[in-house]
Amino acid sequence: GPAIDTASRLARNHEGVTVDAATATLVGASCELRPNSDGSAHVTVTRATTDAPPLATFDAPLFGRDHELARLLRSADDAVEQLQPKAVTVLGAAGIGKSRLRHEAVLRLQERHPGATSLVLRCEAFRRDTPFAALRDALARVVDADVTAVFDAKDAGGGDPVAALDRTRAALYAVFEALSERGPVALVIDDAQWLDPSSQATVRWVRERAQDLPLVIWVFGRPEATSAATELAGAGVSVDLDPLDRVSAGQLLRAVAPEAPEVILDRAGGNPLFIESLGRLFPLGSAADGEPDALPPSVEGACLTQLDQIPVDARELLKRAAVFGRVWWLEGVARLGGDVAALPRLRSAALVLPRPKTSRFRGGREFVFKVGVYQEIAYALLPEAPRGRLHAQAAQWLSEQPEASPAEVARHWQLADDSARAADAYALAAETASRVADVTATCAHAARALGLTRDPSVRWRALVARDDALQIGG
C-alpha cells in the first residue's frame, strides 16, 4: 500500500533514519530533524538522549542563505581560534527566514564543534521589562537551579541592589568559563527587539570582559531591534536578510509543493514564509488555478487563509493561545476556555511547536507559535469584546504561577482594562526591578503604575522604587 511504497522510496533515496513529512510533524518534539528536498526528514538526534533545547522543526531545507550561514559559523570558528568574543547581528522583516537560519546555524555549530553549548535567549513581548527574563530561561536549560536563582529578581531580598547585580554578572561569567572548557559558547538571541534591559546590559558586560573565552553572540531580530543589536554586538558583523533570489525561491517552493505554479513566486516576492504558506495552500485548492487574483495579497493574508483551513475548535484554541503571546501554556489556554483536544490539529498543521523540558512553569506544558506572524494574526482574529475578559483570565492564571513575573501579570491586567490591579502589579514589578539595580525597568514600571491609579499606597510604593533606582543610577 502507500505506506510501504513511501518507506521503500525513502530507503532507496536516503541513508540513516528517515521519516516522511507527516511523521516528521509528529516526532518533531523528540527528535532533531534535517529536512530533505523531497519533504522527508533525516533524524539526526533523538532528544531523549540530549540536554540540548528543543528547536523548531522546519518543513524544507535552507535555501539561498549560504552566505549568511557561513558568516555565522565563521564567527564561531574565529572565537575558538582567537579566544575572543565575536558577534553577528541578523536583522530582517517578519517571515524573511530569521528563525530558519538560526535553527540551521545552531545545528551546524554542533556538527563543527561537538562540545559547543548554544544558549538560546527567547525574548517575549510580555516580559521585555522583566529583569534577566531571557538570560534566566536560557541558563535554566544547562545549569542547576541554585545558579539560576541569582537571576530571579523576586528572590533578591532587601540587600544592596548593586551587590545583587554584581553577583549576577559574576555568576554568569563563571558559567561561561565552565561551559567553554568543553567548546565554544554561543549566545543566540531570538527576537532581540524584546530583550529585557537587564539581560541586554549583562550580555554587553560579558562581551566587553570575556577575554580568553570562545564566546560568540548571534543576535536575531526585526529591524526595530537595530539599537539593541548594536549594543549587544558592538563592532561585530551585521547582516540584513533580503528576500530570496528567484532560483532559491523556486527551490523552496518545489520542496514545499512540487506541483505549485510559478505565479506563486511572483506574488511572494522572495519572502520564505509567504512562499511556504502559499505552497501549503496549493494542495488544498486555495491557489490551485494559478491565477494571480486567486492568491492572498500578502504574507499575513496567506497565513490567515491557512488558519481558515483548520477546524473551528483548533482555531479557537489558537486564538486563546495568542492571548499569552508567542509562548503559551496548555493549562493556561484551558483556563481561557480553549479545547485542548484540538491541539493535535494545530501540531499537524505545523502552526505550533512544543517545548518539552523547558517550561518556565513547573508542571506546565509549554508551546510556542512556530512563526510570530501566526500569533499576531490569531490574536487579531479575536473580537474586541472578549479580549479584555481573556486577558483578565490570563492574568489570574499567571498570578497563580510562582514563576510568573509581576510585569507580565500587570500587562495582562492593563489589557483587561483593570487599572487597579494593573497598577498594583506594576508597582510590584518596579520594586522587583529595583532590587537588582535595573534602573530602566524600574522607572518604566513605576511610570505605568503612577499613570493608572490615584491610590496613595500604590503610588508611594512606585515612587519609592523609582527613587531608589535613580539614586543607584546616579
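Just so it is clear, the model here is predicted, and its values are computed rather than measured. Below, each value reflects all heavy atoms present in this structure, side chains not excepted, and no hydrogens, waters or symmetry copies.
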Nearest heavy-atom neighbours spanning [X] and [Y]:
X    : Y    : answer
D196 : F132 : OD2-N, 2.9 Å
E68  : V239 : CG-CG1, 3.5 Å
H412 : L398 : CD2-CD1, 3.4 Å
R209 : Y173 : O-OH, 3.3 Å
A60  : V256 : CB-CG2, 4.2 Å
S238 : R71  : O-NH1, 4.4 Å

Below 4.5 Å, heavy atoms only, C-beta onward: do [X] and [Y] meet side chain to side chain?
X    : Y    : result
L307 : I377 : yes
R65  : L241 : yes
V373 : L273 : yes
L252 : P272 : yes
L72  : V90  : yes
L318 : F369 : yes
L187 : L121 : yes
I217 : T89  : no

Backbone N or O of [Y] within a donor-acceptor pair of the [X] side chain at under 3.5 Å?
X    : Y    : answer
S248 : D245 : no
R411 : A125 : no
R267 : I275 : no
R365 : W329 : no
Q375 : A322 : yes
R136 : S199 : no
T202 : S198 : yes
T226 : P223 : yes
K98  : A93  : yes
S180 : E177 : yes

Once you round to the nearest 0.5 Å, how far does [atom1] of [X] lie from [atom2] of [Y]?
X    : Y    : atom1 : atom2 : answer
L244 : N271 : CG    : CG    : 8.0 Å
Q306 : I310 : CD    : CD1   : 9.5 Å
H67  : D242 : NE2   : CG    : 10.0 Å
L330 : E366 : CG    : CD    : 11.5 Å
L253 : F274 : CG    : CZ    : 12.0 Å
L278 : T305 : CG    : OG1   : 8.5 Å

Using a strict 4.0 Å threshold on nitrogen-to-oxygen distance, state whether [X] and [Y] make a salt bridge.
X    : Y    : answer
R246 : D266 : yes
D129 : R448 : yes
D191 : R326 : yes
R320 : E316 : yes
R127 : E124 : yes
R122 : D137 : no
D190 : R102 : yes
E403 : R360 : no
K370 : E276 : no
D313 : R345 : yes
E331 : R335 : no

Does R387 count as lying over the ring of Y379, i.e. NZ or CZ under 6.0 Å from the six-ring centre, within 45 degrees of the axis?
-> yes
Report the C-alpha distance between S75 and W218 in whole Å, list the side-chain angles of each, state the deciding distance to 0.1 Å, and finish with yes or no for side chain to side chain donor-acceptor pair (under 3.5 Å).
-> CA-CA 9 Å; S75 68; W218 293 341; 3.0 Å; yes
Only one of V371, L317, L343 passes side chain to side chain contact (heavy atoms under 4.5 Å, CB included) with V352; say which it is.
-> L343
Between L69 and L101, is a side-chain contact (heavy atoms from CB on, under 4.5 Å) present by the stated rule, with each step listed?
-> CA-CA 7 Å; L69 180 61; L101 176 61; 4.1 Å; yes
Start with the C-alpha gap between L215 and V206, add the side-chain angles, then the distance that decides, and say whether side-chain contact (heavy atoms from CB on, under 4.5 Å) holds.
-> CA-CA 9 Å; L215 173 67; V206 169; 3.8 Å; yes
Decide side-chain contact (heavy atoms from CB on, under 4.5 Å) for V323 and H391; before the verdict, give the C-alpha distance in whole Å, the side-chain angles of both, and the deciding distance to 0.1 Å.
-> CA-CA 7 Å; V323 171; H391 278 294; 3.6 Å; yes
Using the side-chain contact (heavy atoms from CB on, under 4.5 Å) rule, take V327 and R355 through it: C-alpha gap first, then chi angles, then the decisive distance, then the call.
-> CA-CA 9 Å; V327 178; R355 285 165 62 168; 3.2 Å; yes
Do other residues, nucleotides or ligands put more than 12 heavy atoms under 6.0 Å from the CD atom of E208?
-> yes
Checking F367, F361, W397, Y374 against W328 for ring pair (Phe, Tyr, Trp, His ring centres under 6.0 Å), the one that qualifies is F367
